[in-house]
Protein chains: 2
Amino acid sequence: MRTAESAVETIQREMTVFARRARASAGRMHPELSLVSYTLLGHLEESGGCRATDLAAHYALDKSTVSRQVAALERAGLIERRPDPEDQRVQVLQLTEAGQEILAQVTRRRRAAFRERLAEWPEDDLVRFAAYLERYNAGAEGIGAD
Amino acid sequence: MRTAESAVETIQREMTVFARRARASAGRMHPELSLVSYTLLGHLEESGGCRATDLAAHYALDKSTVSRQVAALERAGLIERRPDPEDQRVQVLQLTEAGQEILAQVTRRRRAAFRERLAEWPEDDLVRFAAYLERYNAGAEGIGAD
DNA sequence: GCATTCCGGTTGCAGAGTACAACTCGCGAC
DNA sequence: GTCGCGAGTTGTACTCTGCAACCGGAATGC
């Protein structure tokens with residue numbers, strides 16, 4: 001299985017390169033929203049509001065980290081915390097209008113960048129690549145990426 | 001081009017998921033070698049020795065960052081710098097014995113994790129997936145990952 | 001041959017992201 | 001009520017990172 005071996009090597013290496021680059025360049029492309037903030041906002045939108053603890057669990061982050069991120073996002077007016085009537089310890093986090101707007105805007109820009117980068121690719125390859133990535137990430141659920 | 005459109009969407013989303021996860025779990029899997037160090041060592045092995053500037057270019061890092069990482073790796077005895085006889089400004093970086101060993105060891109562990117994750121994949125798919133990733137990252141050379 | 005500019009690398013500085021530990025406050029079980 | 005647990009905050013420390021200023025060698029101009 002020589003070929004499969006080296007393909008696994010390559011996948012591993014290239015995924016890592018990508019991850020490193022993503023981190024390095026995230027701040028440059030959307031100065032107003034780091035990769036972390038972006039994904040947190042994204043999760044809030046997707047979930048329609050959740051607790052800080054949920055975010056921490058979902059992204060395998062320490063709760064203190066989330067706490068600070070959330071504080072920053074609130075300071076920036078992108079999210080708001082509202083007390084949970086059922087449990088006074090809990091803060092339900094939700095996107096503000098501004099948060100939704102910024103998120104949509106960054107999403108648009110990211111999408112444009114991706115599309116441009118993939119412009120030359122034949123459709124068949126795009127479809128297959130997308131399928132591979134989905135499959136890969138589905139297998140990685142909760143394991144961590146490297 | 002409906003299909004290509006949505007494939008691009010998927011690629012974007014899945015790559016982001018991956019990047020986020022990589023970040024979250026980076027430090028946890030190989031305590032003795034950070035993700036950064038690991039990738040730098042990997043590149044040194046693969047290239048058979050190169051300059052700090054090459055590393056910076058390949059990973060879209062600032063040269064100062066690489067400089068510090070390299071210093072740390074040298075302090076740890078994992079790499080050595082030797083002057084380039086052709087150009088006295090240049091330091092050719094190379095793995096030491098110890099560096100090769102550590103790298104091999106970490107690679108084994110990572111590979112086991114990856115292989116497990118990719119175990120069900122037919123060889124053809126592995127090879128194609130690897131090729132797509134390489135192609136994607138090649139196109140991103142210096143642009144940034146998102 | 002000298003000056004200017006370019007390039008590889010280092011260092012000082014600042015900022016983001018992160019974890020861990022210690023803490024507060026509210027909830028629930030006993 | 002008391003005790004333990006869970007949500008969240010804060011203090012501290014560390015790593016990774018970029019930018020800017022710098023040094024010294026190389027290349028190019030004249």
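Chain A is the first sequence line, chain B the second, and so forth, proteins listed ahead of strands; every chain is numbered from 1.
A straight line from OH of B:Y38 to P of D:dC16 spans 16 Å, rounded to a whole angstrom. Between the P atom of C:dC7 and the CD atom of B:Q88 lies a distance of 19 Å, rounded to the nearest Å. Distance B:E74 CD to C:dT10 C1': 13 Å, rounded to the nearest Å. The interatomic distance linking B:L61 (CG) with C:dA16 (P) rounds to 19 Å, in whole Å. In this structure, CG of B:L73 is placed 16 Å from C1' of C:dG9, rounded to the nearest angstrom.
Residues satisfying the side chain to side chain contact (heavy atoms under 4.5 Å, CB included) criterion with A:A104, sequence neighbours excluded, are A:R108. A search for ring-ring contact (aromatic ring centres under 6.0 Å, His included) contacts involving B:H43 returns B:H58, B:Y59, not counting sequence neighbours. Legend: residues meeting side chain to side chain contact (heavy atoms under 4.5 Å, CB included) with B:S37, ordered by chain and number and at least two apart, are B:L33, B:S34, B:Q69, B:L73. B:P122 meets the side chain to side chain contact (heavy atoms under 4.5 Å, CB included) test with A:R135, B:D125; sequence neighbours excluded. By the side chain to side chain contact (heavy atoms under 4.5 Å, CB included) test, B:V127 pairs with A:T3, A:A7, B:E123, sequence neighbours left out.
Sorted by first and then second residue, the pairs that involve residues 55-78 of chain B and meet salt bridge (charged side-chain N to carboxylate O under 4.0 Å, His left out), not counting sequence neighbours, are B:E74-B:R81. Counting only residues at least two apart or in different chains, salt bridge (charged side-chain N to carboxylate O under 4.0 Å, His left out) contacts with residues 89-103 of chain B comprise B:D87-B:R89. Within the structure, every pair that satisfies the salt bridge (charged side-chain N to carboxylate O under 4.0 Å, His left out) test and touches residues 41-58 of chain B, not counting sequence neighbours, is listed here: A:R13-B:E46, B:R51-B:D54.
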(request) Using a 4.0 Å heavy-atom cut-off, write out nucleotides 2-12 of chain D from 5' to 3' as B (base contacted by protein), S (sugar-phosphate only) or - (no contact). (result) ----BSBBBBB
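Residues from residues 41-48 of chain A that place a heavy atom under 4.0 Å from any atom of DNA chain D: there are none.
In terms of modelled atom types and a separation under 3.5 Å, the side chain of A:T65 and the main chain of A:L61 share no donor-acceptor contact.
A donor-acceptor contact closer than 3.5 angstrom is absent between the side chains of A:Q91 and A:R82.
Listed by chain and number, the hydrophobic cluster partners of B:V92 are B:V90, where partners are ILVMFWY side chains within reach of under 4.5 Å, directly or through others.
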For nucleotides 2-4 of chain C, tabulate all protein N/O to nucleotide N/O atom pairs closer than 3.5 Å, reporting atom names and distance.
none

